[in-house]
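The chains referred to below are lettered A, B, ... by the order of the sequence lines, with proteins before strands, and numbering in each begins at 1. Hydrogens, waters and symmetry mates are skipped; everything else that's a heavy atom, side chains included, is used. Source: prediction; values computed, not measured.
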2 protein chains.
Amino acid sequence: MATGRTHRPATRSRGIPEATVARLPLYLRALTALSERSVPTVSSEELAAAAGVNSAKLRKDFSYLGSYGTRGVGYDVEYLVYQISRELGLTQDWPVVIVGIGNLGAALAGYGGFASRGFRVAALIDADPAMAGKPVAGIPVQHTDDLEKIIKDNGVSIGVIATPAGVAQQVCDRLVAAGVTSILNFAPTVLSVPDGVDVRKVDLSIELQILAFHEQRKAGEETAAGDGALPAATARGVAAGDSADQGPDGDVPAVMPA
Amino acid sequence: MATGRTHRPATRSRGIPEATVARLPLYLRALTALSERSVPTVSSEELAAAAGVNSAKLRKDFSYLGSYGTRGVGYDVEYLVYQISRELGLTQDWPVVIVGIGNLGAALAGYGGFASRGFRVAALIDADPAMAGKPVAGIPVQHTDDLEKIIKDNGVSIGVIATPAGVAQQVCDRLVAAGVTSILNFAPTVLSVPDGVDVRKVDLSIELQILAFHEQRKAGEETAAGDGALPAATARGVAAGDSADQGPDGDVPAVMPA
DNA sequence: ATGTGTGAATACATTCACAGCA
DNA sequence: TGCTGTGAATGTATTCACACAT
């Protein structure tokens, strides 16, 4: 959108593929590093290497944002940082609340990547009265009773759930009722949310299980009982790939504090 | 690099799509819950609802594993639990080491989902000499100096990196050199690994940025300057969707302890 | 020369819709 | 009759390869 570029919608139209959106943060991180080293421009090849993707994909991804590069030269680092930040909505800063201050919640609260990337921990919330008032990562923990007020007073629209699985849905319901429309769920449960609310999950156990699956292959077919064993086949540097889905309701799983 | 691969042996029997593999843990979790409630059978419809996917997808996923259902009836819960566990390689248990025992590492160490799901924390490793010997979640922390020995003595092939970004690559290199072939990376860096080593990332900041992107849209087109704004359109329960990729090397980012 | 931007080709994933088995 | 299993249809993502701007 930026300037008045009204040609083919292909450029800045509202149709950025999810897969591309998921990679923008990666590019942004690599670009930020370059920016800090005062590198003025990068080629798609270089940037792709730094982000761990291949250059064709990167160029295609950028093409959805617009034509921000210069043929024969590459991309202007600062300009791209700005464009991607804007596209991701990071030019404003998002107040976030973290609910469930166990080890995980504390780790999240202390995560340095927040402030620097458009997010601000507006509040830490926990159900344990003993924690109320105690500062974690410099921020005082507040009691769950005040959840609704905290959300409203701070205009919070993004919530992080780091509670035990048993109370996650209930916390989720309260967050949503109070106005939160995006949730990052670390509890190992499928959350049900109304339409219009986004849920993303982070789940240690799932990630490990996926690794185990590939690990098992690499280990050879020793286990092969009556299977039409397939030797190598997969030894590729799989190195990741997620996928989640969703019907009308919530989403999935995750790590969990003590 | 495990065994030889090179071409595209892409057989068929052993060809479970990545997207399906990524969902098996979800199904497994839902099935385990049913199993605990002594539910004997489930239909694809019911199980799909519990796992947060749609039934056609679930049936297609299961079709890659074999024909484990009964037409007109559904799936036998116990049997499916076993088949999926086996497919994921969870019938054996995987010793795992966690490197970097900050808040995050401690949270992971205390995660209950380990033991119950085929994983065992074989060791906790940290570079801080002051931590050595101190138990975290009941497991004594060991010093980084002994990393290689620990990996070898325990036959560890899966490592979790929860260190600050600055040392992640270095830790990764040592893990790989010592024999680890699967890595779950929580540090916000792209790790380079040789072929045959799988890397998966978990990155709080990236997840939040993806949420922010969608959140921005929902917020309306207030920012809309000369854009052919697209009003509602997105209010759907987007609710997730990942995607990562990879070239020849490693992968990406993540949370980070204090 | 060099490296972007992008149509066209290919690969992968989801959804449909229904035949066929219990 | 009810629900699985799966080909065919559709949708999405990645990769190729090259015209073209600088």
To the nearest Å, give me how far apart CG (Leu65(A)) and C1' (dG5(C)) are.
-> 13 Å

Ser44(A) side chain near dG3(C) phosphate (N/O to OP1/OP2, under 4.0 Å) = no

What's the OH-P distance between Tyr68(B) and dT6(D), to the nearest Å?
-> 12 Å

Which residue lies more 5' along DNA chain C, comparing Gly74(A) with Pro17(B) via nearest heavy atoms = Gly74(A)

Separation of atom CG in Asp61(A) from atom C1' in dT12(D), rounded to whole Å = 13 Å

How about Tyr68(A) and Tyr79(A): are their ring centroids closer than 6.0 Å?
-> yes

Judged by atom type as modelled, is there a donor-acceptor pair below 3.5 Å linking the side chain of Ser43(B) to the main-chain atoms of Glu46(B)?
-> yes

Atom CZ of Phe62(B) and atom P of dT14(C) are separated, to the nearest Å, by 14 Å

Is there any protein nitrogen or oxygen under 3.5 Å from a nitrogen or oxygen in nucleotides 16-19 of chain D, and what are the pairs?
residue, atom, partner, partner atom, Å
dA17(D), N6, Arg59(A), NH2, 3.4

Picking from dT6(C), dA13(D), dT15(C), the nucleotide nearest the side-chain atoms of Glu18(A) would be dA13(D)

Sorted by chain and number, sequence neighbours left out, side-chain hydrogen bond (donor to acceptor under 3.5 Å, both in side chains) with Asp173(B) holds for Gln169(B)

Without hydrogens or angle criteria, can the side chains of Arg59(B) and Ser44(B) be said to hold a donor-acceptor pair below 3.5 Å?
-> yes

Sub-3.5 Å donor-acceptor pair from the side chain of Thr20(B) to the main-chain atoms of Ile16(B), do we have one?
-> no

Hey, is the main chain of Gly89(A) close enough, under 3.5 Å, to the side chain of Trp94(A) for a donor-acceptor pair?
-> yes

dA13(C) P sits how many Å from Lys57(B) NZ, rounded?
-> 11 Å

What is the distance, rounded to the nearest whole Å, between atom CG of Leu24(B) and atom P of dA13(C)?
-> 13 Å

How would you label the contact of Tyr75(A) with the nucleic acid (heavy atoms, under 4.0 Å): base, sugar-phosphate, or nothing?
-> sugar-phosphate

Specify the separation, in whole Å, of atom CG of Leu58(B) and atom P of dA13(C).
-> 17 Å

Using a distance-only test with no angle check, is there a side-chain donor-acceptor pair under 3.5 angstrom linking Thr32(A) and Glu36(A)?
-> no

CG of Leu47(B) versus P of dG2(D): gap in Å, rounded?
-> 21 Å

Which of dT22(D), dT4(D), dA13(C) is nearest the side chain of Thr70(A)? It is dT22(D)

